[in-house]
Structures are given as C-alpha cells and as structure tokens.
Protein chains: 2
Amino acid sequence: MAAALALANASGDFSMRALGQRLRVDPMAIYRHFRDKDALLEAMVDAALADFEAPPADAGDPVERLRQMGIGFRRALMAHPGVALRVATTRPVLGPHTLALTEACVALLTELGLGQGEAIQAYSALVRYITGVAGAEQPVHSAGTSETDWQEEMRSAYASLPAGQYPHLSRMADEFLHRGFDEQFEFGLDLLLDALVERGRRNRAADLTPGDLG
Amino acid sequence: MAAALALANASGDFSMRALGQRLRVDPMAIYRHFRDKDALLEAMVDAALADFEAPPADAGDPVERLRQMGIGFRRALMAHPGVALRVATTRPVLGPHTLALTEACVALLTELGLGQGEAIQAYSALVRYITGVAGAEQPVHSAGTSETDWQEEMRSAYASLPAGQYPHLSRMADEFLHRGFDEQFEFGLDLLLDALVERGRRNRAADLTPGDLG
DNA sequence: ACCTGAACACCGTTCAAGT
DNA sequence: ACCTGAACACCGTTCAAGT
C-alpha cells in the first residue's frame, strides 16, 4: 500500500483526491487506513527510506559509513520529491525504516567515541542538515530547472549586485559555477563529520588520562 | 506593506484571502503588488529578517559573531512561524535584509581563513542547517505542544521501543529530557563552526609554509 | 485604463444517506 | 456495521463585467 503511495507521489505533486484517482478508488477509502493526510505523509516518508539500508560493517571505518548513510539519506529523499518537501517540516517519523536507520546511525556515532547525549544530538544535527538541504533543492528540481541553469541563475544574480554594498558576494559570484549540488551537500556533511570525529577523539583522550582534565 | 504582512502572518497560518480580510481590502488587490503568493512569501521572509542585524565588530572574535548570527537567524525565523515553515522549502531570497546578512556572514567566514569557494559553501551549509532546524521545530510549536511535553513525548516513544531491536535508541530515551531546543540547535551550530575554524586554521598554516604541502 | 468580485478549478474532511 | 459520494468550508488565481 504505502509503496503504491510513494510511487504515485514520485510523479510531481500530490493530493488525496489525485491519489484516489490514481488508485482507482474512492478518495475517502484512504481514510480507512490513515487518520489524516499527515499520517499518510508520515508513512510515505518512512516508505521512501525503505530504498536504502545502512552500509555493511566492512564498508569502511565508522566515519566513512556515516558519510555513506548521509549521502544515501539525501538520495532517497530526492528520489521522492513530493515527500522530500514535507519531511523537512514534519514531526519525527517513527516508522520501522526510519528507526532502523536511526539506530544504525547512532551506533556508528558512539563508535566515534561520542557519549549517549552527544550521539543523539549529533544524529539530530545531521538529520536537520540533510533535510534542510533537501528542502532547499526540492523547489529547484520541481520547477524543472536544470542544475547548470540554476548555477548560472545564481551566478548572474550575485554578479549583478552592487559591488560597493556587497563586496564579498559580487566577487564570489563565479564560485557557483564550480560547485554542483552534490559537492555542496558533501561539503557541509563533511564539516559535521569532521567536528564529530574530533569530539570523539577528545573524549577518548580524556578517558585515557582521567587525571589530566584541568 | 511587507511589515503589515509579516504581522498578519505572525498569528498562525496564512492565506491570500485571510490577508485581504485582515487588511480590509479586496484579496485581489494584493496581486497588484506581488505577482504570486510565492513572491509575497519571499518578501515576507526577507521582512522577517529585518528584525535582527549583524553583531557589531566589537561583539567578539569572528567565531563568536558567527555564532550570534546563527542564533539570531533562527530566532527571527521562529518569531514568524508561518514564514519559518516556508523558508525551509523556498528558493534563495534575494531581498535587501537577506543579502546584507549574507554579506556579513561571508565576510566573517573569510576572516576565519576560508577561501572564496569555501566561504560561500560554508554559508550555504549554515543556512541549510538552520532552516532544517526551523522546519523541524515549527510543527511542534504550531501544534501548541510545549517544549517539556514534547521532550516527554519523545522520551516515551523511544523508551517503549523493543530494546533488542533498538539497543541504542531505547537506552538513550532519557537524554531527551536533558536537552532543550536551544541547546540542541547550538550543539549542531557549534559542530559546524568548530569544523570551519579548523579548516581556516589549516589554510593559514598552509599559506605560511607553502613549501610544506606534501 | 483601472478596479472589482464573481467564477473556476481545485483542496482536505465531514457526515448524511444509502446498502 | 460498513461503505459511498454529495456537501462543506476552504484555497490560489483568472477574467469578464463594470466604472
């Protein structure tokens, strides 16, 4: 069921009535299975995450596997544009696929040397960043703008700013041409991972020399 | 004009027709000033950012000022819930307030020692993270859930998971009680800033010893 | 030429009427 | 008791009709 929903959604935007027509069923029949449109969207978000699984233990060190999870998470969201827009502004999803990925991600974070409180906050920070990226990219894709068109659009917007008022921005306009969405996403992902690695390393060092804290 | 719009929006949700009623004007009159609802929302996002300005040069070192900008950005978004939800999924806003803050932020990032390409990507990463957080918090606030109720809700959801299947998550349930939205937000913000500081430091070191790169 | 508001094509959801 | 679909209260936007 939810699989059919995700499929229906993959083609553009989405409404209860359109889904009913797509499934050749009375739109009201959907309310038998889901209390709300929100409940249905929640199920769809979880279904969208069924497409990818946590990388196996031999896929690299914990950092590399976290990186792969982040990349896979974003890819799964972008594959379902109608869902991606909503996941950025929805309450936490507690579906089986989401929970499995959360568990795997938190496990990897503790392997980095993070404590319980740090691990769960680090997970949340990663998800916020990834959904923020997905939310920002979605309107560009759904408007049918190609990545290169988009880069040129941003470049010319920044290049045409008055250089006196915005010296940095106007000078940096050309930078948009060199970086694609993937590279931009991974830049921020790596920032977060770098900082988490460093934090784990510090924790371990403090554990090994507990008398040295002052 | 846009100020009145932001005000109207501050009270819950928002529609063209409701705005017309609020302004005691024909709803269609709005289309004289804005081509679209999207164009209007864009103007509202920019107007929401008029509330805060970049911290002055004597407010601390670049990192501290970047931190204050991040905190202020989030606060401005949360003060306009109807806008906050949309900013997470809208195309980049090129209004005067947004651009002024972007310029100030990018200037501070270059002060950290980042190159042009790094600075603009770092800015984007920070914005994605902040809008991701705003998008995640907005539904909680607009549902009228208090922060402590929300924490308890999350705790019990995680605590009731089968410990065999989700060992980390079920063990970490209590962590939700100790961290508020502010602390959670600043945790992720500091991760990004820590990594950016480190990157700037490495750039400077490489500049000082150009022969040492291998 | 400008402004108005009725009308169009939707939407999520309720609920009375059928079976 | 279950299912259906007409009806309700919206929505963004168009466009014909007025001034």
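Each chain gets a letter, A, B and so on, in the order its sequence line appears, and its residues count up from 1.
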J.: Using atom CG of A/Leu40 as one end and atom P of C/dT13 as the other, report the distance to the nearest whole Å.
T.: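 Rounded to whole Å, this separation is 10 Å.
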
J.: When the distance from CZ of A/Arg24 to C1' of D/dT4 is rounded to whole Å, what number comes out?
T.: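 Between C1' of D/dT4 and CZ of A/Arg24: 19 Å.
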
J.: Could you list the donor-acceptor pairs under 3.5 angstrom formed between side-chain atoms of residues 114-127 of chain A and any protein atom two or more places apart in sequence or on another chain?
T.:
unit_1, atom_1, unit_2, atom_2, d
A/Glu118, OE1, A/Gly115, N, 3.0
A/Glu118, OE1, A/Asn203, ND2, 2.7
A/Tyr123, OH, A/Thr102, OG1, 2.7
A/Ser124, OG, B/Gln184, NE2, 3.3

J.: Send over the distance from A/Tyr31 OH to D/dC3 P, rounded to a whole Å.
T.: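 Spelled out: OH on A/Tyr31 to P on D/dC3 is 17 Å.
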
J.: For B/Leu23 and C/dT4, give me the distance from atom CG to atom C1', rounded to whole Å.
T.: 17 Å

J.: Which one is paired to D/dA16, where only Watson-Crick or G-U wobble pairs with both distances under 3.5 angstrom count?
T.: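 Base partner found: C/dT4.
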
J.: D/dC3, OP1 or OP2 - any side-chain N/O from A/Arg32 closer than 4.0 Å?
T.: yes

J.: Is there side-chain contact between B/Ile71 and B/Arg67, with at least one heavy-atom pair below 4.5 Å?
T.: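 Side chain of B/Ile71 against side chain of B/Arg67, heavy atoms only: contact under 4.5 Å found.
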
J.: Look at the side chain of B/Lys37 and decide which nucleotide, out of D/dT13, C/dC11, C/dT4, has an atom nearest to it.
T.: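 Selected nucleotide: D/dT13.
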
J.: Taking atom P of C/dT13 as reference, at what distance in whole Å does atom CZ of A/Phe34 sit?
T.: 13 Å

J.: Would you mind pulling out the nucleotide paired to D/dA9, Watson-Crick or G-U wobble, both distances under 3.5 Å?
T.: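 Partner of D/dA9: none.
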
J.: Can you check the B/Arg17 CZ to C/dC8 P distance for me, whole Å?
T.: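 Between P of C/dC8 and CZ of B/Arg17: 13 Å.
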
J.: What is the distance from CG of A/Asp38 to P of C/dG12, rounded to the nearest Å?
T.: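 After rounding, the gap between these two atoms is 11 Å.
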
J.: Find the distance B/Phe14:CZ to D/dC11:P and express it as a whole number of Å.
T.: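 Taking atom P of D/dC11 as the reference, CZ of B/Phe14 is at 11 Å.
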
J.: With a non-hydrogen cut-off below 4.0 angstrom, is A/Met28 in contact with a base, only sugar-phosphate, or nothing?
T.: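 Since a base atom lies under 4.0 Å of A/Met28, the category is base.
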
J.: What integer number of Å spans the P atoms of D/dA17 and C/dA9?
T.: 16 Å

J.: Does some side-chain heavy atom of B/Leu161 sit less than 4.5 Å from a side-chain heavy atom of B/Tyr158?
T.: yes

J.: Quick check for you: to the nearest 0.5 Å, what is the distance between B/Phe73 atom CZ and B/Thr131 atom OG1?
T.: 7.0 Å

J.: Can you confirm whether A/Cys105 sits close enough to A/Leu66 that some side-chain heavy atom of one is under 4.5 Å from a side-chain heavy atom of the other?
T.: yes

J.: How far, in whole Å, is C/dC8 from D/dG18 if one measures between their P atoms?
T.: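 After rounding to an integer number of Å, I get 16 Å for this pair.
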
